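Reviewing the structure listed below.
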Amino acid sequence: MVPGARLIVLGKQGAGKGTQCVRLSHHYVIPHISTGDMLRAAVKASTALGREARAYLESGGLIPDEIVLQMVGERLDQDDTRSRGFVLDGFPRTVLQADGLADLLAPAELDLALNLVVPTELVLLRLASRRVCDDCGAIYSTLAPPKVGSTCDVCGGEVLQRDDDTEAAIKTRLDLYDEMTAPLIEWYNAAGRLVEVDGVGTAEEVFDRLVDVVDSHQHGGDFTPPLATG
Ligand code: ADP
């Protein structure tokens with residue numbers, strides 16, 4: 001079995017993080033931890049966290065750092081992430097979250113921060129056409145819809161446009177990305193963990209690029225400290 005990995009994927013909304021993180025998770029047998037999916041599930045289940053998060057999600061604003069850090073901390077404390085690692089999707093999104101993540105992982109460290117680079121014109125097109133299964137989160141687009149109507153191919157759930165894929169919320173999210181998340185690229189670069197990956201192309205092409213990067217890093221023996229290979 002391939003060793004685990006501790007990965008984060010950075011990139012603008014619509015850069016393909018969700019699609020690629022699912023694939024990386026299967027390929028490296030590591031849990032996919034998406035803070036957006038966790039928060040949407042909490043809203044749907046109307047938990048205390050979900051009731052607090054709802055307004056932020058709908059407007060495209062960021063959930064306060066301490067709430068997200070606690071949620072991620074609980075998830076990283078579970079056995080599967082301790083033994084195999086993880087691929088984090090949508091987290092960290094602020095320098096404070098990146099600092100918090102380093103504390104949560106210590107003495108272990110992140111292996112790689114993969115930055116999926118896609119021009120803004122293209123992410124705008126992708127977001128406008130994005131459709132998502134309301135039950136399992138599978139991602140479609142108006143160009144590659146489900147096989148039958150709006151029924152999810154994977155789970156039979158309903159495929160919809162996300163509440164925050166409106167023009168106003170997309171603008172808020174992209175502005176917040178530039179302001180709060182883009183500085184993380186320099187942060188991980190300075191830490192020697194950043195790799196930029198071209199996110200333009202088919203999902204398969206982009207995935208192959210990501211695997212090349214992760215494998216060459218792994219074979220360089222740079223993963224610290226070793227994870228259980230279970
Ligand atoms: P996108 O990257 O397309 O905005 P996500 O599914 O990653 O989609 O996130 C959706 C929403 O969930 C964000 O707009 C924000 O409100 C909230 N969110 C997700 N992750 C975080 C995070 N790490 N910190 C704060 N808010 C978050």
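The structure presented is a predicted model; accordingly, all values stated were derived computationally and were not measured. Note that ligands are numbered from 1 as they come in the structure, with each ligand's atoms numbered from 1 the same way.
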For this session: Indicate yes or no: at least one non-hydrogen side-chain atom of Tyr140 is less than 4.5 angstrom from one of Ser150.
Result: no

For this session: Treat each ILVMFWY residue as a node, draw an edge where side-chain heavy atoms are under 4.5 Å apart, and state whether Val123 and Phe207 are in one component.
Result: no

Exercise. For the atom pair CG (Asn115) and CG (Asn189), what is the distance rounded to the nearest 0.5 Å?
Worked result: 10.0 Å

Problem set entry | Met180 with Leu184, same ILVMFWY side-chain cluster at under 4.5 Å | no

For this session: Would you mind finding which of Gln13, Met180, Arg126, Arg93 brings a heavy atom closest to atom 7 (O) of ligand 1?
Result: Arg93

Seminar exercise, completed: One finds that the ligand 1 atoms under 4.0 Å from a non-hydrogen atom of Lys17 are 2 (O)

Problem set entry | Polar atom proximity, Thr35 to ligand 1 (N or O, under 3.5 Å) | yes

Problem set entry | Whether over 12 other heavy atoms sit under 6.0 Å from Glu52 CD | no

Exercise. Short list, please: which atoms of ligand 1 are under 4.0 Å from a heavy atom of Leu39?
Worked result: 12 (O), 17 (C), 18 (N), 19 (C), 27 (C)

Exercise. Which of the numbered atoms in ligand 1 are below 4.0 angstrom from a heavy atom of Leu57?
Worked result: 11 (C), 12 (O), 16 (O), 17 (C)

Exercise. If you measure from the Lys or Arg side-chain nitrogens to the Asp or Glu carboxylate oxygens, is any gap between Asp79 and Arg82 under 4.0 Å?
Worked result: no

Exercise. In the protein, which heavy atom is nearest to atom 3 (O) of ligand 1, and how far is it?
Worked result: Arg173 NH2, 2.7 Å

Exercise. Side chain or backbone of Arg162 under 4.0 Å from ligand 1, or both, or neither, by non-hydrogen atoms?
Worked result: side chain

Problem set entry | Distance-minimising heavy-atom pair for Gly60 and Thr172 | O-CG2, 3.8 Å

Problem set entry | Salt-bridge criterion met for Lys44 and Asp135 (N-O under 4.0 Å) | yes

Exercise. Counting both backbone and side chain atoms, is some N or O of Ile63 under 3.5 Å from an N or O of ligand 1?
Worked result: yes

Exercise. Gly61 to ligand 1: N or O pair under 3.5 Å?
Worked result: yes

Problem set entry | Residue Gln97 vicinity, atoms of ligand 1 by number, heavy atom under 4.0 Å | 22 (C), 23 (N), 24 (N), 25 (C)

Exercise. Does atom CD of Gln70 have more than 12 heavy-atom neighbours from other groups under 6.0 Å away?
Worked result: no

For this session: Check whether any N or O atom of Asp37, backbone or side chain, sits under 3.5 Å from an N or O atom of ligand 1, and answer yes or no.
Result: no

For this session: State whether the shortest distance between N or O atoms of Gly90 and N or O atoms of ligand 1 falls below 3.5 angstrom.
Result: yes

Exercise. Quick one: does ligand 1 sit under 4.0 Å from the side chain of Arg130, the backbone, both or neither, non-hydrogen atoms only?
Worked result: side chain

Problem set entry | Those atoms of ligand 1 less than 4.0 Å from some heavy atom in Gly36 | 5 (P), 6 (O), 9 (O), 19 (C)

